[in-house]
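First up is the structure itself, then whatever we jot down about it.
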Amino acid sequence: MLRVRFAPSPTGYLHIGSARTFIFNWLYARRNGGTMILRLDDTDVERNTQQSIDSIFDGLNWLDLGWDEFYRQSDRLELHRAAANRILEKGYAYRDFTPAGTATEERVHDGGVFAGDPEQRAMSKEESDRRAAAGEPFVIRFRVPRDTGRAIVFKDSVYGDQSKSCDDIEDFALLRSNGMPTYHLASCADDADLRISHIIRGQDHLTNTFKHILIFEALGAAPPQFAHLPLLIAPDGAKLSKRKHGPVVSVTTYRDAGFLPHAYVNFLCLLGWSPKDNREQLTRQEIVDIFSFEGINRSNSVVNFTEEDPIDPKALWLNSQHLRSLPVAEIMPAVEAVLTGAGYAIPEDKSHFASIVDVIRARYTTLLDFAGKGRPFFADTFAIEPSAMEKLDAPNARPLLRELAARLEADPEFSEATAEAHLRALATEKGVKAGVLINGSRAALTGQAVGPSAFALFSAIGRDRVIARLKAV
RNA sequence: GGCGCCAUCGUCUAAGGGUUAGGACGGAGCCCUCUCAAGGCUCUAAUAGGGGUUCGAAUCCCCUUGGCGCUACCA
C-alpha cells in the first residue's frame with residue numbers, strides 16, 4: 001500500500017516551496033493509486049499559531065487537490081513519548097542530564113561532531129533511572145553507534161546512493177527536557193505508525209535522513225523510501241524568506257493575484273521537474289499520468305522575480321495560456337468570484353455571460369483583468385482612455401458612430417453579422433475607411449483603443465448598451 | 001570549521017560518450033490584421049575553470065571555484 005504524507009509545521013503561511021512538496025506528494029499518490037496524508041507537524045508549541053494553521057489550509061484548499069487522511073502531531077504526543085522510551089529501553093538512546101544550552105559552545109566550535117557527553121553517555125542504567133525518578137530534568141539523546149565504524153546508507157529516488165559515516169552524525173535529541181518530542185522523533189514515530197511508504201520532502205532534509213534511518217531502525221520499523229526535492233530559491237541565490245523577499249513566498253499571494261489554481265500548480269511542477277518532452281502547459285490529468293521521480297532534477301530552482309515584477313513571468317504566461325484554452329465553463333466560477341468580489345453584478349443570462357468571458361479572455365493574463373480591463377463588459381460606467389479618445393476624435397468619427405447607432409436601432413435584428421453589415425455599408429456610403437468606424441466603435445463601447453474584434457464586441461455588450469454607448473459619443 | 005548535496009542561455013529546462021547543444025519564458029523583429037492580444041516565422045543567449053579517461057566528453061573520474069543544506073532540548 002503506497003502512502004505519502006505532507007507534513008507542514010504551522011509556523012507561518014503556506015510557503016510556495018512547501019506547496020510544491022505537497023503537490024509532488026499528491027501527484028505521486030494519484031499516479032500510483034496511493035493515499036495522500038496531511039499531517040500538521042506542530043510539536044513546537046512555542047512557534048505554532050492558529051493563524052498559521054488557517055493560512056496553510058487557505059493555501060492548500062486553494063490549490064484544490066485535496067488529501068485522504070488528516071492528523072495532527074499534537075494529538076499523538078503519547079505515541080511519540082512511548083517511542084522515545086522504547087528506544088531508551090532498548091539502549092539505543094540515553095538520558096542526558098546536562099542543563100539546556102551549556103554544551104553548545106564547544107560543540108559548535110570544536111570542528112567536529114558532537115559525540116555526546118562521555119559521562120552522560122556512559123552513565124549506568126541504575127543511576128540514570130534514579131536521577132530521572134528524582135525529578136532531575138533530562139533530554140533523551142540517540143546513542144549513535146559510532147564505535148562500529150558503520151555508515152548509514154540509503155538510495156534516494158532523486159539523489160541516488162547516499163552514505164554517511166556514523167562518525168559524522170551527532171548524538172541528536174529525541175525528547176526534550178520538557179517532555180516534548182523533537183521533530184526527528186515525532187516525524188519518524190508518526191511515519192512508522194502511519195505506515196508511510198514514501199517520504200517526499202525538501203532537500204534540506206537530505207542529511208537528516210541518516211538520523212531518521214537510525215530512528216526507524218531503533219523503532220524496529222523498515223525505513224520508507226526517500227525522495228528529496230531540490231529547493232526553490234530566490235534570484236539572489238538565498239532561500240526564499242518572507243522577511244527578505246516579501247509576499248512572493250506565500251501561495252495566497254498568487255491566489256490574490258488572480259491565478260487559476262491549476263495554472264499555478266502547473267508552474268510549480270515545472271520548477272524542478274520536467275516531462276522531458278518539451279511540453280509545458282499541462283492539464284492536471286496529464287501531469288498525473290506522467291509524473292515520476294525520474295523527471296525530477298537535482299539542482300535548486302530559482303523563482304524568477306524582481307522588485308518591479310514580483311511574479312515569475314513564466315507563471316503569468318502559463319496562467320494566460322490556461323485562461324484562454326480551458327473550456328470556458330471551467331473558468332466561469334473563478335471569473336464570477338472575482339467579479340462578485342469587485343462588486344459587479346453578474347449577468348443574468350449565464351450563456352451570454354460565458355460568451356462575454358470567451359470573447360475577452362484571450363487577451364487577459366490573470367483573473368483580475370476581468371474586473372479591471374473587463375469593466376465595460378459588466379458595468380455601465382467606465383473610463384475613456386486617452387488612446388480611445390483619439391479614435392473618437394478622428395475626423396467625422398462621432399457623427400458616423402451616432403448614425404450607426406440610429407441604423408442599429410432601426411434594425412430589429414441584432415447580431416455580430418448584421419452589425420458588421422451596417423457598419424461596413426455606412427463606411428462605404430460615406431466614403432470613409434471601415435477602420436474609422438471599427439476603431440471608433442471599440443473606443444465608444446469599451447473606452448479602450450485595444451481589445452477584442454469590434455464585431456465581437458457588439459454581441460458581447462448587447463444591443464441596448466451598444467446603441468446607448470454609440471449615441472453618447 | 002565538519003559533513004552532505006548541486007553546477008547547461010538572464011530564468012525554467014532537454015540532451016544520461018558522437019546533435020549546427022533542443023524547447024519554453026523574457027527581450028528584439030517580421031507576417032497576419034479593424035486595434036491589442038493570440039497565432040506563425042526569425043533573431044538574441046549557455047555547458048563555471050583546470051586536469052584526466054576516450055578515436056570522440058555538457059555527459060565518466062579528479063581538483064579548484066561557486067552556491068545551497070545539515071551541523072538546536074527549530075522544523
Side-chain angles (χ1 to χ4, degrees), chain A residues 7-11 41-44 46-48 96 98-101 103-104 107-114 137-141 156 159-160 162-165 167-170 172-184 186-187 202-211 228 230-231 233 235 237-239 267 270-281 297-305 309 312-318 320-321 324-325 360-365 387-388 391 420 423 433-443 448-455:
Chain A
S9 56
T11 54
D41 277 9
D42 56 353
T43 53
D44 186 359
E46 306 286 298
R47 300 200 303 155
N48 295 163
D96 181 351
T98 312
T104 310
R107 201 189 302 181
V108 174
H109 295 289
D110 68 0
V113 168
F114 176 63
F138 60 86
V139 50
I140 294 183
R141 286 188 185 286
D156 187 272
Y159 288 90
Q162 303 294 316
S163 165
K164 186 164 183 163
S165 166
D167 291 338
D168 295 321
I169 302 174
E170 71 281 1
F172 55 94
L174 296 176
L175 201 67
R176 295 184 259 245
S177 52
N178 63 4
M180 292 295 286
T182 61
Y183 159 75
H184 299 302
S187 178
Q203 192 243 45
D204 47 346
H205 286 298
L206 189 60
T207 42
N208 284 332
T209 306
F210 299 104
K211 295 174 195 167
H228 287 88
L231 268 21
I233 57 176
K239 102 185 201 187
F267 169 70
L270 261 18
L271 254 23
W273 172 81
S274 164
K276 295 181 185 285
D277 59 5
N278 287 341
R279 280 187 298 167
E280 304 213 282
Q281 186 194 348
N297 65 28
R298 285 180 276 274
S299 50
N300 294 345
S301 304
V302 173
V303 179
N304 198 13
F305 63 87
D309 297 303
D312 193 310
K314 194 143 193 176
L316 252 8
W317 173 77
L318 269 170
S320 69
Q321 291 300 309
R324 71 194 44 159
S325 59
I360 58 184
R361 65 175 174 157
R363 59 214 79 211
Y364 289 175
T365 307
S387 53
K391 303 288 186 189
E420 174 164 10
L423 184 149
K433 286 198 293 186
V436 173
L437 280 167
I438 288 171
N439 292 322
S441 295
R442 182 181 301 104
Q448 297 161 13
V450 304
S453 157
F455 305 121

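Throughout, a chain's letter reflects where its sequence line sits, starting with A, and its residues are numbered from 1.
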Counting only Watson-Crick pairs (N1-N3 plus N6-O4 or O6-N4) and G-U wobbles (N1-O2, O6-N3), all under 3.5 Å, who is the partner of [N]?
{"N": "B:rU54", "value": "none"}
{"N": "B:rA45", "value": "none"}
{"N": "B:rG16", "value": "none"}
{"N": "B:rG1", "value": "B:rU71"}
{"N": "B:rG39", "value": "B:rC31"}
{"N": "B:rA7", "value": "B:rU65"}

What I want to check is whether an N or O donor and acceptor connect the side chain of A:Thr182 with the base of B:rC73 at under 3.5 Å. no
Looking at A:Arg363 and B:rC36, is any side-chain donor or acceptor paired with a base atom of the opposite kind under 3.5 Å? yes
I'd like a table of atom pairs between the protein and nucleotides 38-49 of chain B - only N or O on both sides, under 3.5 Å - with the distance next to each one.
none

Sugar-phosphate only, base, or nothing, as touched by [X] at under 4.0 Å among non-hydrogen atoms:
{"X": "A:Phe172", "answer": "nothing"}
{"X": "A:Thr43", "answer": "sugar-phosphate"}
{"X": "A:Ala434", "answer": "nothing"}

Quick one: is [X] getting a side-chain N or O under 4.0 Å of the [N] phosphate, OP1 or OP2?
{"X": "A:Asn304", "N": "B:rG26", "result": "no"}
{"X": "A:Lys314", "N": "B:rC12", "result": "no"}
{"X": "A:Ser165", "N": "B:rC3", "result": "no"}

Below 3.5 Å is the cut-off: list the nitrogen or oxygen pairs between protein and nucleotides 65-70 of chain B, distance only.
| from | atom 1 | to | atom 2 | distance (Å) |
| --- | --- | --- | --- | --- |
| B:rC68 | O2' | A:Asn300 | ND2 | 3.3 |
| B:rG69 | O2' | A:Asp204 | O | 3.2 |
| B:rC70 | O4' | A:Thr207 | OG1 | 3.2 |

Could you tell me whether A:Arg141 and A:Glu170 make a salt bridge, using a distance below 4.0 angstrom between a side-chain N and a carboxylate O?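 Salt bridge: no.
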Any ion pair linking A:Asp277 and A:Arg279 (charged N to carboxylate O, less than 4.0 Å)?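 Judged by the 4.0 Å cut-off on N to carboxylate O distance, A:Arg279 and A:Asp277 do form a salt bridge.
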Which nucleotide, B:rC12, B:rC34, B:rA7, lies nearest any side-chain atom of A:Val302?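 Nucleotide nearest to A:Val302's side chain: B:rC12.
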Distance between the P atoms of B:rA46 and B:rC9, in whole angstroms? 9 Å
Is the closest side-chain donor-acceptor distance between A:Gln281 and A:Ser325 under 3.5 Å?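 Short answer, yes.
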Want to settle it: does A:Pro181 or A:Asn297 sit nearer the 5' end of RNA chain B, counting the closest nucleotide to each? A:Asn297
Position toward the 5' end of RNA chain B (nearest nucleotide), A:Gln162 or A:Trp273: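 Whichever sits nearer the 5' end wins; that is A:Gln162.
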Can you tell me the distance, in whole Å, between the CZ atom of A:Phe305 and the C1' atom of B:rG10?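 Taking atom C1' of B:rG10 as the reference, CZ of A:Phe305 is at 15 Å.
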